[in-house]
2 protein chains.
Amino acid sequence: MEKCDVCGAQCLHKLCMHKVPIFSSLSQDDLTHIASIIRHKKYQKGETLFSEGNRPDALVIVNEGSVKAFKITSDGREQILYVFSEGDFFGERNLFGRQVSAYTVEALEPVKTCSFTKESFHELLHAYPEIAIKIIEELEERISRMESALQSMGVRSIDNRISALLLDFAEKYGTSVPDGTLIHLPLSREGMANYLGVARETVSRKLGLLENEGIIRSNGNKSILLLDRSMLEASAGKSADF
Amino acid sequence: MEKCDVCGAQCLHKLCMHKVPIFSSLSQDDLTHIASIIRHKKYQKGETLFSEGNRPDALVIVNEGSVKAFKITSDGREQILYVFSEGDFFGERNLFGRQVSAYTVEALEPVKTCSFTKESFHELLHAYPEIAIKIIEELEERISRMESALQSMGVRSIDNRISALLLDFAEKYGTSVPDGTLIHLPLSREGMANYLGVARETVSRKLGLLENEGIIRSNGNKSILLLDRSMLEASAGKSADF
DNA sequence: GTATTTCTGTGATTGCAATCAAATTTTTAT
DNA sequence: ATAAAAATTTGATTGCAATCACAGAAATAC
């Protein structure tokens with residue numbers, strides 16, 4: 001196991017705990033105790049963490065990299081539901097209900113995860129009931145985001161949805177550069193299409209339009225430079241007809 | 001206040017508690033104690049329980065009737081996110097985070113509710129930590145349903161979505177009759193359109209098609225008789241081209 | 001660095017659902 | 001019961017995005 005220069009081997013364990021709000025209310029001592037029951041795993045790009053219909057019994061926290069969670073629709077398309085990255089967690093559903101996984105989770109790039117087994121997580125919950133409250137808050141947050149997604153899918157304008165997606169990515173995967181915000185895209189064009197539920201060609205065309213309007217600058221397939229955030233916000237939230 | 005023949009006035013209070021799984025793990029004594037801190041309210045059809053942007057500080061349980069929760073989209077349409085009916089709860093988000101209500105809730109018919117204030121609910125949570133787990137389970141359930149909704153919105157076929165909605169309603173609002181399942185619709189055609197994010201006319205046309213195919217029989221504007229459930233299931237889940 | 005493969009962009013066409021415009025049914029009020 | 005209002009259905013037209021087809025670009029392998 002690698003060692004950390006600052007705090008020794010333990011630090012690796014604590015890393016993921018410090019990234020999730022779930023544990024934010026706990027003391028350093030408690031965290032140290034928890035660290036001992038965490039399992040670590042690595043995955044390569046394209047590797048499947050678990051599949052729809054599986055019965056995974058662990059809470060998984062993304063410590064590095066990003067993953068997509070998707071279902072296969074009745075017409076064979078891949079519908080992406082979430083892109084989870086550093087600090088996000090998933091798999092918690094299978095720790096409470098006895099449900100089977102609702103989606104497949106696949107690494108979008110090399111990924112490191114921390115996970116709790118069902119048993120150790122329940123012990124944890126028993127020892128620190130305040131964690132349950134934190135989880136509720138986190139789930140509410142997630143529901144909020146899904147409500148917005150549902151709302152924007154209900155909106156017929158595809159322009160809105162593309163713009164909203166770019167803003168989302170800008171917040172999560174963007175870094176400030178002199179000209180604007182450089183977004184390192186977690187998804188390919190096809191991935192974005194599968195996230196939005198539109199055709200791949202439509203994403204290309206819409207991004208082309210935004211580029212012509214000087215709102216974004218495409219930078220290869222892996223990143224996009226957001227030049228005019230306010231224009232994008234206007235196109236994401238306001239009327240679609242100008 | 002009305003009296004109950006079986007158990008006296010108390011029973012009215014307990015009613016809503018028995019309808020929500022949140023309290024299913026508590027003893028009768030605990031329930032009796034909780035009953036004393038519940039507030040009751042009545043609303044008429046069309047009345048607003050609270051509005052998007054409000055800061056309601058109560059957990060509300062629907063005891064009778066049904067409500068819709070909606071947002072107004074950027075293009076002015078009403079996007080319905082949920083139809084809550086007997087046993088469902090909402091408003092919990094404002095008890096944990098300090099967030100403002102994400103949607104407007106309006107009565108679809110005469111409605112009776114039970115509610116806890118923020119303070120009394122937190123006392124409750126403190127006294128019975130297992131309630132937090134129940135809430136998590138309930139939220140996971142809700143997330144599951146939203147994931148399905150998102151997935152089916154990603155599916156381009158509108159037929160699928162209409163069929164899925166009818167099956168949903170059949171389960172929640174249907175009663176068995178000799179010819180099939182009689183669905184008492186909580187939403188008007190326009191409401192269904194706003195739920196699905198399509199035009200009102202499209203809902204009419206699609207229902208018309210289903211009626212021609214002998215799958216349903218429209219019965220005024222308030223109810224639909226589902227004749228052939230398996231055909232509807234096929235059209236909801238399978239390929240859209242037959 | 002070249003070849004191969006995978007991914008992306010662009011044009012042409014088609015199809016489905018939105019919109020506009022009445023007509024008709026259903027509900028509500030008196 | 002009748003009138004008025006509201007909701008729904010139906011038809012005609014339009015527009016946008018899916019699909020098909022292929023050219024070009026980028027990433028990967030060798």
Side-chain angles (χ1 to χ4, degrees), chain A residues 44-46 68 73-79 108-110 152-163 165 184-212 216-224 235 239-242, chain B residues 44-46 68 73-79 108-110 152-163 165 184-212 216-224 235 239-242:
Chain A
Q44 299 176 339
K45 177 178 175 175
K68 64 177 175 184
T73 65
S74 48
D75 56 343
R77 277 183 45 255
E78 167 183 310
Q79 177 64 50
L108 290 166
E109 50 189 326
S152 73
M153 283 200 126
V155 173
R156 300 190 248 295
S157 155
I158 287 189
D159 300 70
N160 287 21
R161 285 154 66 182
I162 300 239
S163 300
L165 180 65
H184 179 76
L185 297 170
L187 294 175
S188 65
R189 304 300 147 108
E190 179 146 35
M192 288 191 263
N194 289 339
Y195 198 25
L196 295 171
V198 301
R200 175 179 51 79
E201 293 94 324
T202 301
V203 173
S204 281
R205 278 186 250 267
K206 293 300 182 185
L207 289 177
L209 285 177
L210 287 174
E211 188 154 14
N212 287 344
I216 63 170
R217 189 181 307 142
S218 183
N219 190 218
N221 294 335
K222 293 276 172 62
S223 63
I224 280 179
S235 127
S239 64
D241 45 15
F242 72 95
Chain B
Q44 299 176 338
K45 176 178 174 175
K68 64 178 174 181
T73 65
S74 47
D75 56 344
R77 276 183 46 254
E78 168 184 310
Q79 176 64 49
L108 289 167
E109 49 189 327
S152 73
M153 283 202 128
V155 172
R156 300 189 249 297
S157 156
I158 287 187
D159 300 71
N160 287 19
R161 284 155 66 183
I162 300 239
S163 300
L165 180 65
H184 179 77
L185 296 170
L187 294 175
S188 64
R189 305 300 148 106
E190 178 145 35
M192 289 191 263
N194 290 338
Y195 198 25
L196 295 171
V198 301
R200 176 175 45 84
E201 293 94 323
T202 301
V203 173
S204 281
R205 278 186 250 267
K206 294 299 182 185
L207 289 178
L209 285 177
L210 287 174
E211 188 154 14
N212 287 344
I216 63 170
R217 190 181 307 142
S218 183
N219 190 217
N221 294 335
K222 293 275 173 61
S223 64
I224 281 179
S235 128
S239 66
D241 44 17
F242 73 95

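Reminder, nothing fancy here: chain letters follow the sequence lines and each chain counts from 1.
Following rounding to the nearest Å, A:L210 (CG) and C:dT8 (P) show an atom-to-atom distance of 17 Å. Per the geometry, CD belonging to B:E190 stands 14 Å off C1' belonging to C:dT19, to the nearest Å. Rounded to an integer number of Å, the gap from CD of B:E211 to C1' of D:dT9 is 12 Å. One can place NZ of B:K222 at 18 Å from P of C:dT25, the figure rounded to the nearest angstrom. Residue A:R189 contributes atom CZ, which lies 10 Å from atom P of D:dA27 at whole-angstrom precision. Look at CD1 on B:I162: it is 11 Å from P on D:dT9, rounded to the nearest Å. Between the CG atom of A:L196 and the P atom of D:dC16 there is a distance of 19 Å, given to the nearest Å. Following rounding to the nearest Å, B:L207 (CG) and C:dT25 (P) show an atom-to-atom distance of 18 Å.
Partners of A:N219 by side-chain hydrogen bond (donor to acceptor under 3.5 Å, both in side chains), not counting sequence neighbours, listed by chain and number: A:S223. Applying the side-chain hydrogen bond (donor to acceptor under 3.5 Å, both in side chains) test to B:E109 and every residue at least two apart in sequence or in another chain returns B:S66. Evaluation of the side-chain hydrogen bond (donor to acceptor under 3.5 Å, both in side chains) rule for A:R161 yields no partner, not counting sequence neighbours.
The shortest distance between side-chain heavy atoms of B:R189 and B:L207 falls below 4.5 Å. Using a 4.5 Å heavy-atom threshold, the side chains of A:K206 and A:D159 count as touching.
How far CD of B:E211 is from CZ of B:R217: 8.0 Å, rounded to the nearest 0.5 Å.
Residue pairs meeting the salt bridge (charged side-chain N to carboxylate O under 4.0 Å, His left out) criterion with at least one member in residues 193-205 of chain B: none, sequence neighbours excluded.
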Can you give one letter per nucleotide of nucleotides 17-26 of chain D, going 5' to 3': B for a protein heavy atom under 4.0 Å from the base, S for sugar-phosphate only, - for none? SSBBB----S

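In this structure a side-chain-to-backbone donor-acceptor pair under 3.5 Å is present from B:Q79 to B:N194.
Fit an axis to the five pairs at each end of the helix from C:dG1-D:dC30 to C:dT30-D:dA1 and the two axes sit 60° apart, to the nearest 10 degrees.
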Evaluate the criterion side-chain contact (heavy atoms from CB on, under 4.5 Å) for residue pair B:I224 and B:H184; output intermediate values, then yes/no. CA-CA 7 Å; B:I224 281 179; B:H184 179 77; over 6 Å; no

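Contact annotation for B:S188: backbone-only contact, meaning every heavy-atom pair under 4.0 Å involves sugar-phosphate atoms and none involves a base.
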